Every structure is written in C-alpha cells, then in structure tokens.
Chemist: 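Below: one structure in structure tokens.
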Amino acid sequence: MEQISSILNDLSIGKKFEIRGWVYRIRASGKLAFIILRDASNVIQCVAKAENFNDGDFKLVSSLTIESSVSLVGELRKDDRAINGYEMNITSFKIYERNDNFPVSKDISEEFELDNRHLWIRSREFNSILKIRSTIFKAFREFYDKEGFYEVQPPLMVSTATEGGSTLFNVPFFGETAYLSQSSQFYLETFIFSLEKVYTITPSFRAEKSRTWRHLTEYWHAEAELAWTDNEQMMEIEEKMLHYIVGKVISENSNELRILGRDIETLKESLKPFRRIPYKELIDMSESLGMPLKYGDDLGADEERQIMSNFKTPIFVTEFPATLKTFYHRPDPSNPEVILCHDLLAPEGYGEVVGGGERIWDYELLRKRINEGGLKEEDYYWYLDLRKYGSVPHSGFGLGMDRVAMWIMHLDKITGAIAYPRTIRRLRP
RNA sequence: GCCGCUGUAGCUCAGCUGGUAGAGCACACGCCUGUUAAGCGUGCGGUCGUCGGUUCGAACCCGACCGGCGGCGCCA
C-alpha cells in the first residue's frame with residue numbers, strides 16, 4: 001500500500017502499486033474510465049481499460065461515484081495528459097463503499113459549504129488549509145521548545161474575567177457559575193514564578209456578538225509569558241517566532257500555498273525585519289497612509305486595514321496611550337500617559353494578530369488600576385499575590401492562531417482558516 | 001447592539017406588469033478507447049423558508065416570524 005505522493009516520480013515508472021483513497025473525479029466512456037483518486041497526500045489519474053476486466057467488473061469500476069472509497073492496483077506510467085503527469089493503469093480494484101450522491105459538488109454557496117464542512121474539508125483546498133495550519137501549530141511549539149520555554153496547561157473553566165467588560169460564557173458549575181476562559185494570561189503569569197519562560201496554546205472563548213471577517217467565538221489562542229523581560233525584548237522574541245513560522249510554512253507547504261493561490265514572494269516579505277512605530281508617530285503618519293487619525297483614536301478594523309495596505313511586512317505599534325489599554329499594562333515610568341506595550345499588525349490589510357507588553361509588577365499600582373477599572377480586588381486576590389511574593393518585571397503576549405493562519409494563507413475571512421468555526425450564528429457541524 | 005442583503009429541485013440559479021414550475025450540475029439508464037469541471041440522448045427530482053392577509057387567482061403584493069450571508073462596534 002503506497003501514498004500517492006510517494007509514487008509520483010520517475011523511479012516508480014513501470015512498477016505495480018496498490019493505492020487506496022477516495023474518488024475525486026471520474027470520467028467514463030464506453031471502453032475507458034478515468035478515475036482521479038485522492039488520498040491525504042495528493043491526487044493521481046488512474047485509467048481502467050475494458051480489455052483488462054470482465055464486463056461486470058468494468059461496469060462496476062467505470063460507474064463509481066464521487067467520494068466512493070476504493071483501493072486500486074495497477075502499473076504506473078508517465079503521461080503528460082494526466083494531472084500531475086503520471087497515470088496508473090488499473091488491473092484490479094476493491095470497492096469499500098460506493099456513494100449514491102455526494103452532496104458537495106462544483107457549485108456550492110458559502111452557506112452550503114459551512115453547513116457541510118464535515119464533507120468540504122476533503123476538498124483539495126481545505127486539505128491544503130489543514131496542512132498549513134498543522135505546520136503553523138507545529139512551528140510555534142518547535143520555536144518555543146528551542147528557546148527553552150515550558151508548555152503549560154492553564155484551566156479553561158475560570159471564575160473571573162481577564163479583561164473587564166468582555167462578555168463571558170457562563171457554565172453551570174455545581175451550584176456556582178463558571179466562565180469559559182477568554183485568555184490564559186493571568187494563569188501564565190503565575191507559572192513564570194516557577195518556570196520563568198512559559199507558553200500555551202488553548203481555545204479562548206468570547207461571547208461578544210461579533211459579526212466580522214476576523215472574529216471567532218472560539219479561537220485558538222497562543223500565549224507566552226516571560227520573567228525578567230521588557231517590552232523591547234518581548235518584541236524581539238515575537239519577531240523571531242513569526243519569522244520561524246512563516247519560514248517553516250514556505251519551506252514545507254509551497255505546494256499547498258500554490259493550490260490556495262497564495263503569492264509566495266509577497267509572503268517572503270514577512271521574513272524581513274518588522275518596523276517598530278510608536279502610536280504617536282503612527283498618528284503623525286496617518287494622513288500620508290490614507291487614514292487621518294488624531295491622538296487618542298483607537299485603531300479599528302477600517303483603520304488597521306487601510307494602514308496595513310501600505311505595508312508588506314508586519315509592524316509593531318508601540319506606546320499606546322493608557323486610555324486605550326486595559327488595567328494590567330505597565331505604564332512607562334518616565335511618562336505614565338503611555339503604556340509599555342505593542343500590537344503586531346499583519347500586512348496586506350490583515351491588521352492585529354498579536355497584543356502584548358509589560359505587566360504591572362508593583363503591588364500598589366496594580367491595586368490602584370483594579371479599583372480604577374471598577375473591578376473587585378477579592379476576585380483578583382491570586383493575581384495580586386504574585387506582586388506580593390517575589391514580584392519581578394515580566395512581559396507576555398497573546399496571538400490569534402486563526403488570524404495568523406488567515407494572513408499566511410491570504411484568506412478573505414477567518415471562518416476559512418479553521419475547520420469548524422464557531423461564530424454567533426454557527427454551532428454546527 | 002447597530003446597518004444592509006437573502007431564502008424556488010440534493011447543489012447553483014432563472015422565473016417579466018399576479019394566470020397554476022424552468023435550466024445547468026449531481027444521480028440513474030443508454031452511446032462513445034484519451035478524458036481534464038469530458039460530450040450527446042433519456043429519466044428521476046419541488047407543501048417556491050413558515051404562518052397569516054389582499055385577490056377570482058400569489059413563487060411574485062402586504063405583515064409577522066424563522067434561517068442564512070455581508071459590514072461596523074468590541075478584540076486576538
């Protein structure tokens with residue numbers, strides 16, 4: 001039994017193989033049937049000639065239907081007329097299941113595709129998306145492993161919000177109410193006092209009624225937290241990480257990128273250094289970027305899209321005004337109006353994929369910020385404790401894996417970057 | 001939460017000023033020895049999202065409800 005990709009080469013010419021998979025396309029004429037077979041690895045054209053079978057068997061093999069599961073035995077030939085340049089001349093076959101009518105056909109709407117994701121993920125396009133996603137997740141873990149980080153597992157059923165104001169999902173919890181985690185940041189901060197450099201990849205849940213091209217209700221959140229690290233050092237690590245991930249995808253998935261129509265030369269631009277632009281400078285530049293802004297304006301979807309249509313490489317926007325960020329961000333001691341933080345905006349109009357920065361590590365300052373935010377100190381007792389017992393300067397970030405995947409693959413919406421998107425209006429399949 | 005669009009065959013859609021439902025694809029059968037989303041012929045296939053109203057008559061006009069899609073805010 002062979003994988004299709006492993007036999008598509010000149011060394012296989014003249015050899016007999018057995019391959020198994022699903023019928024991708026079939027075209028039959030009286031005495032000849034072409035079956036394009038797919039497996040996880042690729043597709044190959046197979047030809048069944050009537051002269052090689054008795055009438056009953058030829059009838060069976062030439063009337064197979066799309067997505068029927070089969071194994072085919074035959075000899076490989078080079079043939080320029082066939083997709084991928086090789087063709088297998090079938091001499092025997094086994095049918096595992098013959099379908100009546102596969103619902104997914106060449107003309108499908110977005111709604112039908114989403115209702116039938118469990119079947120659509122078989123398409124060559126989605127097969128490529130899943131392979132690239134797999135590389136992105138693998139590269140993320142590889143990078144942090146090489147950098148000496150520990151992977152940790154925070155709880156996902158929690159008692160408090162990370163960011164005040166965000167809407168939480170409630171879950172019954174033995175007479176209490178639990179919430180689904182929106183971010184593991186606070187728990188990661190606890191881990192650094194044991195392990196110093198930690199990361200995690202978990203789902204995060206947002207009950208906001210967002211209806212946009214880049215929001216999911218359940219999304220894959222990659223987060224890291226480092227002791228003894230400032231904002232500048234944090235950005236250096238993130239830049240190195242994204243260079244590693246993009247480089248891995250380019251080297252391992254060039255074929256999949258081609259199937260998706262992703263321009264690899266444009267993607268390679270993101271292997272270059274990322275500019276750091278302080279918020280104030282960005283505001284000063286904003287008019288020339290086609291999106292006039294004034295100091296204090298937040299960057300919304302339209303602003304990011306317009307600004308990032310000017311860049312081919314991601315940029316860090318740093319030093320946001322304190323009014324635009326939540327309570328745990330550390331103000332610049334030399335200018336408390338400004339926060340020691342950064343957002344990473346992806347190029348080609350994609351916008352924010354990472355948010356990070358230094359955390360407040362002074363006990364009294366954090367208490368003050370919690371109270372200013374209208375939050376209850378007792379809800380955050382364990383988070384405050386970290387500032388009482390051996391507090392250290394530290395930084396971290398959160399990255400939306402699905403957003404990174406969408407940008408790397410140049411997809412037009414985030415629901416295309418994940419197999420089973422959860423949004424305000426989609427819970428199935 | 002706000003704004004806009006949409007729902008007709010398994011799928012993609014057409015259906016004029018209201019007059020009793022159409023095409024392509026898929027599937028089934030037949031023909032074809034080099035197809036590339038193959039071709040030709042025949043066939044199968046519809047409480048026109050649901051409920052109510054107007055009318056002699058509603059896929060079409062009106063109302064309510066339900067589903068879906070797109071955009072913004074919020075964020076990753």
Side-chain angles (χ1 to χ4, degrees), chain A residues 24-36 43 45-52 58-59 62-68 77 79-85 87 89 98-116 119-120 123-124 162-167 182-185 201-223 298-305 324-326 343-346 350-356 397-407 412-415 417 423-426 428:
Chain A
Y24 182 68
R25 299 273 187 273
I26 181 160
R27 292 178 281 273
S29 59
K31 301 274 172 26
L32 201 58
F34 298 97
I35 295 169
I36 316 295
V43 298
Q45 175 162 301
C46 302
V47 61
K49 299 180 179 179
E51 65 199 27
N52 292 328
F58 183 73
K59 177 95 182 147
S62 64
S63 65
L64 278 167
T65 48
I66 287 174
E67 286 302 311
S68 291
R77 281 206 345 270
D79 195 319
D80 290 339
R81 292 170 295 189
I83 187 168
N84 286 335
E87 179 178 270
N89 187 10
R98 186 184 185 284
N99 300 319
D100 286 339
N101 185 359
F102 191 66
V104 179
S105 62
K106 65 184 182 185
D107 291 317
I108 58 170
S109 62
E110 191 172 341
E111 178 183 351
F112 189 78
E113 188 213 294
L114 283 162
D115 285 341
N116 292 278
L119 303 175
W120 175 245
S123 65
R124 285 194 92 193
T162 308
E163 325 243 346
S166 292
T167 322
Q182 301 178 305
S183 165
S184 298
Q185 179 194 321
I201 307 180
T202 65
S204 278
F205 304 90
R206 302 276 164 105
E208 294 142 2
K209 294 183 175 175
S210 299
R211 297 187 45 76
T212 77
W213 60 282
R214 60 177 186 169
H215 283 83
L216 291 170
T217 296
E218 173 185 294
Y219 68 99
W220 283 86
H221 205 172
E223 294 170 278
D298 205 355
L299 271 42
D302 288 345
E303 290 78 12
E304 288 183 9
R305 180 153 256 179
L324 295 181
K325 293 289 175 182
T326 42
D343 281 0
L344 183 81
L345 307 186
Y350 282 97
E352 186 176 2
V353 294
V354 176
F397 74 87
L399 173 151
M401 293 295 265
D402 313 284
R403 284 192 179 177
V404 168
M406 168 173 65
W407 154 53
D412 60 1
K413 54 180 73 84
I414 202 161
T415 51
T423 65
I424 179 173
R425 293 198 183 158
R426 189 159 290 278
R428 58 175 60 94

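Atom set for the values below is all heavy atoms of this structure, side chains included, hydrogens, waters and symmetry mates excluded. It should be emphasised that the depicted structure is a prediction, and the values quoted were computed from it without experimental measurement. Each chain gets a letter, A, B and so on, in the order the sequences are listed, and its residues count up from 1.
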Chemist: Classify D79(A) by what it touches in the nucleic acid, base, sugar-phosphate, or nothing, heavy-atom distance under 4.0 Å.
Modeler: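 Base: the residue D79(A), judged by heavy atoms under 4.0 Å, touches a nucleobase.
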
Chemist: OP1 or OP2 of U33(B) versus the side-chain N and O atoms of K49(A): is any pair under 4.0 Å?
Modeler: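 Answer no for this pair, as no side-chain N or O of K49(A) is under 4.0 Å from OP1 or OP2.
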
Chemist: Considering only the P atoms, how many Å lie between C5(B) and A76(B), rounded to the nearest integer?
Modeler: 33 Å

Chemist: Contact class for A33(A) (heavy atom, under 4.0 Å): base, sugar-phosphate, or nothing?
Modeler: nothing

Chemist: Going by modelled atom types, is there a donor-acceptor pair between the base of U35(B) and the side chain of Q45(A) at under 3.5 Å?
Modeler: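 Checked by distance alone, the answer is yes.
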
Chemist: Is K59(A) close enough to G30(B) that one of its side-chain N or O atoms is under 4.0 Å from OP1 or OP2 there?
Modeler: yes

Chemist: What's the gap between U54(B) and G63(B) when it is taken at their C1' atoms, as a whole Å value?
Modeler: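 Here U54(B) and G63(B) have their C1' atoms 11 Å from each other.
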
Chemist: Does the side chain of R426(A) get closer than 4.0 angstrom to OP1 or OP2 of C69(B) through an N or O atom?
Modeler: yes

Chemist: Taking only the C1' atom of each, what is the distance from U50(B) to A58(B) in whole angstrom?
Modeler: 16 Å

Chemist: Quick one about Y219(A) and R403(A) (side-chain donor to acceptor, distance below 3.5 Å, no hydrogens or angles considered), yes or no?
Modeler: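 No, Y219(A) and R403(A) have no side-chain donor paired with an acceptor closer than 3.5 Å.
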
Chemist: Between the base of C74(B) and the side chain of S210(A), is there any donor-acceptor pair under 3.5 Å?
Modeler: yes

Chemist: Using only side-chain N and O atoms of K413(A), determine if any of them is under 4.0 Å from OP1 or OP2 of G70(B).
Modeler: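 The answer is yes; a side-chain N or O of K413(A) sits under 4.0 Å from OP1 or OP2.
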
Chemist: Just to be sure I understand the rule, does W220(A) reach a base, reach only the sugar-phosphate, or reach nothing, if contact means heavy atoms closer than 4.0 Å?
Modeler: nothing

Chemist: Side chain of R211(A), base of C3(B): donor and acceptor closer than 3.5 Å?
Modeler: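 There is none.
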
Chemist: Look at S29(A) and U35(B) and indicate whether a side-chain polar atom (N or O) is within less than 4.0 Å of OP1 or OP2.
Modeler: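 Answer no for this pair, as no side-chain N or O of S29(A) is under 4.0 Å from OP1 or OP2.
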
Chemist: Looking at W220(A) and D402(A), what are the two nearest heavy atoms and their distance?
Modeler: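 Heavy-atom minimum between the residues: N-OD2, 2.7 Å.
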
Chemist: Please classify the nucleic acid contact of T212(A) as base, sugar-phosphate, or nothing, using heavy-atom distances under 4.0 Å.
Modeler: base

Chemist: Answer yes or no for this row: Y219(A) ring on A76(B) base, centroids under 5.5 Å, planes under 30°.
Modeler: yes

Chemist: Quick one: the side chain of E87(A) and the base of G34(B), do they pair up donor-acceptor inside 3.5 Å?
Modeler: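 For E87(A), whose side chain was compared with the base of G34(B), there is a donor-acceptor pair (under 3.5 Å).
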
Chemist: Answer yes when R426(A) and D115(A) have at least one side-chain N-carboxylate O distance shorter than 4.0 Å, and no when they do not.
Modeler: yes

